[in-house]
Amino acid sequence: MMGSKNDVKLLSFLLSPVGHRVEWALKLKGVEFEYVEEDIFNKSNLLLELNPVHKKVPVLVHHQKPIAESLIIVEYIDQTWKQHPLLPQHPYQRALARFWGTVADKLVKTSYVAMCSSGDEQEKSVKEAKEVMDKIEEEIIKGKKFFGGDNIGYLDLAFGWIPYWLPIWEEVGSMQIVDPLKHCAISAWNTNFLSHPIIKDCLPPRDKMLVYSHRRKNEFSSTLRR
Ligand SMILES: N[C@@H](CCC(=O)N[C@@H](CS)C(=O)NCC(=O)O)C(=O)O
């Protein structure tokens, strides 16, 4: 059952790391979809209607029914289109993957706040993010090509912002969260992830990301000064 362009629609934002989780999942599965770019500074009525609770992208619309929250969407995609399984089959392994998915969601926020903030607040967020990286390094990626083993899957998509977005945030925030000497397994995975044919062809332009990240950091610090 492949989706036709008419029944799968993705509302997203070019530079969104969580929007990319969904795009990658659809592409790994070979599901055709219509992509709708959202202006997150001037949200469309469509987005407000489809995700009235959070008013955020990504939103997947399948047969006119909306689903929000990137990891929930990825799970829905995995259950709807069976080719190239993303989550493990065993209930315990599935639960573990979902658990680390919640860690990925918390870590992306902490790392983003670390980029935007400065002084004590930044120090606190960087420390918190580094501690979580240590756990990822020790507990789930060591000795593996991808998080689920030999094939790219759910947790690779969940943590997929680490190899490409995080280095830009580290540059803009003048900070370091992943230490290549200490986080060897994460660094090796970064290379594996970015060399995957589906992933490497579906990444936003670096120059736009730099400009956008600087803008978000400046906006964040002017909000704090107000
Ligand atoms: N936990 C949500 C996060 C969604 C999210 O933060 N989306 C951002 C784009 S990266 C957004 O729509 N921002 C608009 C806003 O915050 O008003 C998910 O994984 O889908």
Side-chain angles (χ1 to χ4, degrees), residues 8-28 33 35-62 65-80 86-87 97-117 125 128-129 132 136 147 153-170 172-173 193 199 202-206 208-224 226:
V8 185
K9 197 191 283 198
L10 171 63
L11 270 79
S12 192
F13 163 56
L14 173 71
L15 306 180
S16 166
V18 291
H20 274 79
R21 289 170 170 169
V22 178
E23 239 186 297
W24 293 326
L26 290 168
K27 290 188 172 164
L28 285 167
F33 62 100
Y35 180 90
V36 182
E37 176 72 6
E38 187 62 36
D39 178 354
I40 59 165
F41 298 102
N42 182 20
K43 294 176 185 168
S44 68
N45 289 333
L46 180 65
L47 176 64
L48 305 180
E49 245 170 61
L50 295 176
N51 189 1
V53 177
H54 296 307
K55 307 178 177 73
K56 289 185 178 191
V57 289
V59 177
L60 186 83
V61 190
H62 187 206
K65 292 196 197 90
I67 309 155
E69 278 301 315
S70 60
L71 289 181
I72 291 174
I73 304 173
V74 170
E75 206 169 314
Y76 174 82
I77 292 171
D78 201 32
Q79 286 181 320
T80 306
L86 298 171
L87 272 151
R98 288 205 200 91
F99 166 77
W100 285 103
T102 66
V103 175
D105 266 352
K106 185 154 185 263
L107 184 60
V108 72
K109 281 190 206 132
T110 312
S111 307
Y112 186 76
V113 168
M115 169 189 79
C116 291
S117 52
S125 304
E128 200 181 308
V132 179
I136 296 169
F147 280 90
Y154 175 84
L155 278 186
D156 302 289
L157 308 190
F159 286 114
W161 53 274
I162 293 179
Y164 196 73
W165 277 257
L166 187 61
I168 292 171
W169 297 349
E170 287 177 323
V172 172
F193 184 76
I199 307 298
C202 183
L203 292 168
R206 201 175 185 280
K208 280 200 180 160
M209 281 178 47
L210 263 178
V211 172
Y212 174 73
S213 301
H214 277 292
R215 175 177 172 186
R216 293 315 295 241
K217 184 174 167 69
N218 291 338
E219 282 169 0
F220 189 87
S221 43
S222 56
T223 326
L224 287 181
R226 245 185 261 141

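For ligands, and for the atoms within them, numbers begin at 1 and follow the listed sequence.
Using a 4.5 Å heavy-atom cutoff, the side chains of Glu23 and Phe33 are in contact. For the pair Asn51 and Pro66, the minimum side-chain heavy-atom distance is 4.5 Å or more. With a 4.5 Å cut-off on side-chain heavy atoms, Ser111 and Leu166 count as touching. Counting only heavy atoms from C-beta outward, the side chains of Leu86 and Leu28 approach each other to under 4.5 Å.
Aromatic rings of Trp161 and Tyr112 (six-membered ring for Trp) have centroids beyond the 6.0 Å cut-off, not under it. Between Tyr76 and His62, the ring centre distance stays below 6.0 Å.
Lys56 CD, 3.5 Å is the protein heavy atom nearest to atom 6 (O) of ligand 1. For atom 1 (N) of ligand 1, the nearest non-hydrogen atom of the protein is Glu69 OE1, 2.9 Å. If you check which protein heavy atom lies closest to atom 20 (O) of ligand 1, you get Ser70 N, 2.9 Å.
Residue Asp105 has no N or O atom closer than 3.5 Å to an N or O atom of ligand 1. At a 3.5 angstrom cut-off on N or O pairs, Phe13 does not count as close to ligand 1. For ligand 1, none of its N or O atoms has an N or O atom of Lys55 under 3.5 Å away.
Counting heavy atoms closer than 4.0 Å to ligand 1, residue Val18 contributes side-chain atoms (C-beta onward) but none from N, CA, C or O. Contacts of Lys43 with ligand 1, taken as heavy-atom pairs under 4.0 Å, involve the side chain alone.
Atoms of ligand 1 found under 4.0 Å from any heavy atom of Pro58, numbered from 1 in the order shown, are 20 (O). Which parts of ligand 1 touch Ser16 is read off a 4.0 Å heavy-atom cut-off, strictly below it: atoms 9 (C), 10 (S).
No donor-acceptor pair under 3.5 Å is formed between the side chain of Tyr154 and the backbone N or O of Gly101.
For the pair Arg215 and Phe41, the cation-pi criterion (under 6.0 Å, within 45° of the ring axis) is fulfilled.
Among Val57, Ile73, Val108, the residue whose heavy atom lies closest to atom 8 (C) of ligand 1 is Val57.
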